[in-house]
Amino acid sequence: MIVAEQKSLEEIRRMIAPYPRVLILGCGTCMTVCNAGGESEVSFLHNSLRLAEVRSGDGIHTFTEHTVKRQCDPEFLETLSEKTIDVDVILSLGCGIGVQAIAEYLGDIPVLPGVNTSFMGMTKESGVWDERCAACGECRLEDTGGICPITRCTKGILNGPCAGSKNGKCEANKDVDCAWILIYKRLERLQQLDKMRRYYSPRNFRAIPRPRRILSKVEIATGESDG
Amino acid sequence: MNLTNTSHPGIHQEDASDHSLIPPCQNACPLHMDIREYVSLVSQGRIMEALQVIRMGNPFPSICAYVCTHPCEESCRRAQVDKPIAIRSLKRFAVEFGGDRMIRTEAETKYSDKVAIVGSGPAGLACAYYVKKIGYPVTILEAHSDLGGMLRVGIPQYRLPREVLDTEIQRLTHMGVEIRTNTRVVSLDLLFELGYKAIFITIGAHQSLRLGIEGEESPGVIDGATFLREVNLGIKPSLGRRVMVAGGGNVAIDAARTAVRLGVKHVSIFYRRTRSEMPADPQELEQALEEGVKIKYLSTPVRIDRENDRLKMTCVRMELGEPDESGRRRPVPIKGSEFTKEFDSLIVAIGQAPQTPSDFGVRIGRGSTIQVDPSTLTTNRTGVFAGGDAVTGPATVTEALAAGRLAASRIDDYLQHRYPLPVKETNEKLSGELLPKTIEMIRKIERSEPLSLVGETRVKDFETVEQVYGWEAAINEARRCLRCGVGVEILFQDKCATCLTCLRVCPYHVPRLDNTGNINIPADQCQACGICVAECPAKAIVLRKPFDRRQVSEELTHTIKLATESKNKPPIIGFCCQYGLFGTGTLSRLWRGAKAGVTIVPVLCVAKVEANHLLSAFETGAEGVFIAGCGEQCARENTTYWVKQRVEKVRKVLRSIGIEPERLQVFTLGTAVADPTEELDRFIEQISALRLSSVIKEEAIS
C-alpha cells in the first residue's frame, strides 16, 4: 500500500491562499487506510481550515469536500465534473498518483497535493506505518529471506552487513534493526545461509529508465479480435 | 456548521432508519418492555424519562416493580460476564423517584359499546386500563370485597404493599372505570342482556389442587390459596407451632414466609424434587431460608393421621427418575423409606387451577383452563374473551398484564369489526452468546443489590423486604448494562476500505475479517462503545440507532444555537459524559450549577466525541474547550486513551493556527490527580487569563 502523510496546515493554507473556492478531495483506497486522506481526514481538514479562516479573520475561502473511491482511475473521477463547477482549485488528499490523475483528467483546474506521498509500506499497528518496498523493479527478496535490504538497510547495500552494524542495530539509528542481521537470522532459520556467501553485483540503474510502464497485454492487429 | 457527511451526497444520504436489534431482556418480557432504553435513561439520571418509557409498555409499573418475576434478568447477557442487571430494582427506582404516584391518566369515552371485565386480577385491571384508554365504557365485576385478584388475596403484603395496589386502582377509578365489588358473575347471558357488548373473563386460578392422600380432610390441613387469602383479608388463622408446607412453587414459599410472619416457630417446606427443579423464584427461596424456613427436598407426605390435635404425617423419600412432560425429572418414591413427623398444621400449595362456572358456557380445556385462540384471546362464545391465569393456569403477574393488554386491543378490533392486525416486529432479535474473548475484555462490575431488611426484623411484620435503591447506587447499577443490540454496523460497505482500523481499535476484539476479506462487526458482540465510529477513516461505521448517530452533533448544534440566540458566545464549551458520576452523580452539580461561562454539551460517553466536534466547538468562538469523562470509572474500555489521541490531534491544528493548545483539556475521574472540580476551576481561571491577555494584546495593537 502507498503510505503518505498529510502536509502541515501551514503549507496547505499557503498553497490554497490564491484560490477562494477549494474542493478538498479524498481518496477511498490507500490514503484512507494510511489515515492521510480518507473521508474522515477530508472532513477534519475541512474543519481545521475553516477554523483557521475564522481565527485569522480573512475568510475569503469557501470549502467543499468529496471523496472518491480511488483517484488513480479516471472512471472514478467521472463524478468530479459536477463537483468542480464552482471550484477554483482541487486540494487532493490522494497520493502523488492521484494528484496527477486528476490533473490529467481535469485540464482546466489546478490540483494541489495535500499529502506528501512517502513510501510503500505496511501497517505495524494502528497509526504506525513502516516502509517496506522501494519499487526498484528488480526484486531480490528470494535471496534475502524475504527481507528487502534496499528499503530496510539505511545504506541500501546489497552485500551486508556493513561495519556499522552493532548489536543488531544500525549505526545511523540505534532504534532501527540492521536489515542484514535480520536477513542473516532469517536465512539461518531457513537453512539457506549459503545465500549469504554469494556476491551480489551492483544494481544497474540505467536498466530502468523512467517513466516505467507495464504492459500485461499483447498488441493484436485490427480485425483479428472481432472473430 | 458542517458536522454531517456531505462527501457522498445522493449516494450515502444518512440513513434515518433504526437498525438496532431487540435485546434478550425485551424479548423475554411478556410485556415486551423497552428495558434497554429505560435502563440507559436511569444510568443518565433521566428518571422521569425512564418512567415515561416504562409507562409506555406497562399500565401498572409500580406493581411490576415489586412482584415481577423478571424473566428479563434471567436472559440478561451480563450474566455471562458477572451477574445480570438488577432490572426490577431499577424499575422500582424509576417508579418511585420518577413520581409514578403523581401521574394521572385521563381517558375520554369515545364509543358507546360497553365492556365487562369479570375478575379484577392483573389481567382484568390491565384490560380495563387499556379498553378505557381506547375509549369504551368499562365495568369491572369482582366477587371479593376488594379489587386486585391474586394481587390482593394471593401475594403477601411484604412483597406488594397494598398502598401500591390501591394507588393503581384509584387511577382506574379516576379514568372512569366502573367498579362493582362483591359481585359474583354467574351467567354471561345476563351481562349481554345488561347491554355489555364484549366480556373479558379473567377469573384467575384460585382453586388449590389436592394432594389426594388419606386424611387430607382433617382439621389443620389448609390449602395455600385459601390460607393466603385469609391472611390477606385480615383473618389470622391459628396454625400452631409447627407447620409443614407441601409444594415448591412461589405459593408454597409465600405461604411459608407468611406463616413465619404470623409467629409460627417451625416452618418446613416439603418438596418432592430438588432445588434445581423448584419452580419458585430463587431469590424468594433465598429470603425464605434467611427467615428461618427449613426445606426438605425429595420428600412428600403420603398419609395424614390426626392424633391428639396434631397431624401425624407419614412421608416418603423420593428419587428422581425419567423426565416427565414438563421436562423435569419425575420423582419416584423410594420403597420402604417412609418416616413420620408431627406437625400442628399442613398447608398444601402444590398448584392451583381455575374454576370456571359451567353457566359461562365457555369451552374448558386441560387443567380446567378456559380454551382461547392464543392470538385473539377469543373463546368459543362470540364477544367473550378470556385471559390471565384462567387461561394459562397459574402464571406471573406480568404475563397476566400482557394478556390484559392484548385482550384490550382484540376487544377493540372486535367492537370495531376489524380484522385483527398481526403485531409486526420490525427489528431483528439479538441472539447469540458473548464470545469468551469479548467477555474477557468487559469490565467486571459488581451488581449492587438494593438494601433488604434483615431477616430477624422482617419476620416480625409484613413490611416490604426489598428497599429501593439510592440515587447513586441505581445509576451505577444501570451503567453495567451492555446495551445489547445498539452497537455499530458498517452501514456503507462500499466505503469500507478494509483498513482494519476497527479491528485494531476495538477493545473487545469484536470486528472480524471473514474469509472473503470483508470486515464484519457482529451485532451480538459489539459493546456500543463507539470508538471505531470515531476512528474509521472512511466514515463507514455508524451506530445502529439514528439518535445515537446524531447525538453529539445535535447537542453541539443546539448549544451553539442557544448561544447565538442569546448573542452571548459561550467562552467555554465542555463535552461532558452523561453516564455515571459526571452526568448525574456526585459531580453533576458542576454542570447543573451556574458556572459562569461554561456551556455543557452532554454526550453519552466521551469516546463518541470526534476530533471534528472539538474543532467545531472552537469554530463557534469558544475560548476554551474541555472533555470530561469517567476515566477509570467508565464502564467501557480505553475510552480515555482515544479521547487523548483526538485531543492531541486537534491541539496540533490549534498550535498551527495560533491558538494556545492549553485551551483544550481533558478531565477524567478516578485518576490520581486532584479533584476534577478543582482542575476545572483552574482551567477556567487559565482561560480567563488567556482571554485577558489577548484583549490587552489587541488593544495594544490598535
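Within every chain, numbering begins at 1; the chains are lettered A, B, ... in the order of the sequence lines, protein sequences first and strands thereafter.
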Just wondering, more than 12 heavy atoms not from [X] lying within 6.0 Å of its [atom1]?
{"X": "B/Asp514", "atom1": "CG", "result": "yes"}
{"X": "A/Glu188", "atom1": "CD", "result": "yes"}
{"X": "A/Glu5", "atom1": "CD", "result": "no"}
{"X": "A/Lys166", "atom1": "NZ", "result": "no"}
{"X": "B/Gln493", "atom1": "CD", "result": "yes"}

Distance in Å, [X] [atom1] paired with [Y] [atom2], rounded so as to fall on 0.5 Å steps:
{"X": "B/Leu614", "Y": "A/Asn47", "atom1": "CG", "atom2": "CG", "answer": "10.5 Å"}
{"X": "B/Glu610", "Y": "A/Ser43", "atom1": "CD", "atom2": "OG", "answer": "8.0 Å"}
{"X": "B/Asp494", "Y": "A/Lys69", "atom1": "CG", "atom2": "NZ", "answer": "5.5 Å"}
{"X": "A/Glu39", "Y": "B/Cys536", "atom1": "CD", "atom2": "SG", "answer": "8.5 Å"}
{"X": "B/Arg655", "Y": "A/Ser8", "atom1": "CZ", "atom2": "OG", "answer": "13.5 Å"}
{"X": "A/Ser48", "Y": "B/Asn612", "atom1": "OG", "atom2": "CG", "answer": "7.5 Å"}

Next on the checklist: Is the shortest side-chain heavy-atom distance between B/Lys539 and A/Thr67 below 4.5 Å?
Outcome noted: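 Not touching, per the 4.5 Å side-chain cut-off.
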Item to check | Any side-chain heavy-atom pair of B/Leu654 and A/Leu51 under 4.5 Å | outcome: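 Yes - at least one pair of side-chain heavy atoms lies under 4.5 Å apart.
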Under 4.5 Å from a heavy atom of chain A, the part of [X] involved:
{"X": "B/Lys652", "result": "neither"}
{"X": "B/Ile659", "result": "side chain"}
{"X": "B/Leu500", "result": "neither"}
{"X": "B/Val505", "result": "side chain"}

Item to check | Minimal non-hydrogen separation, A/Thr29 against B/Ala497, with atom names | outcome: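 Closest approach of A/Thr29 to B/Ala497, heavy atoms only: O-CB, 4.4 Å.
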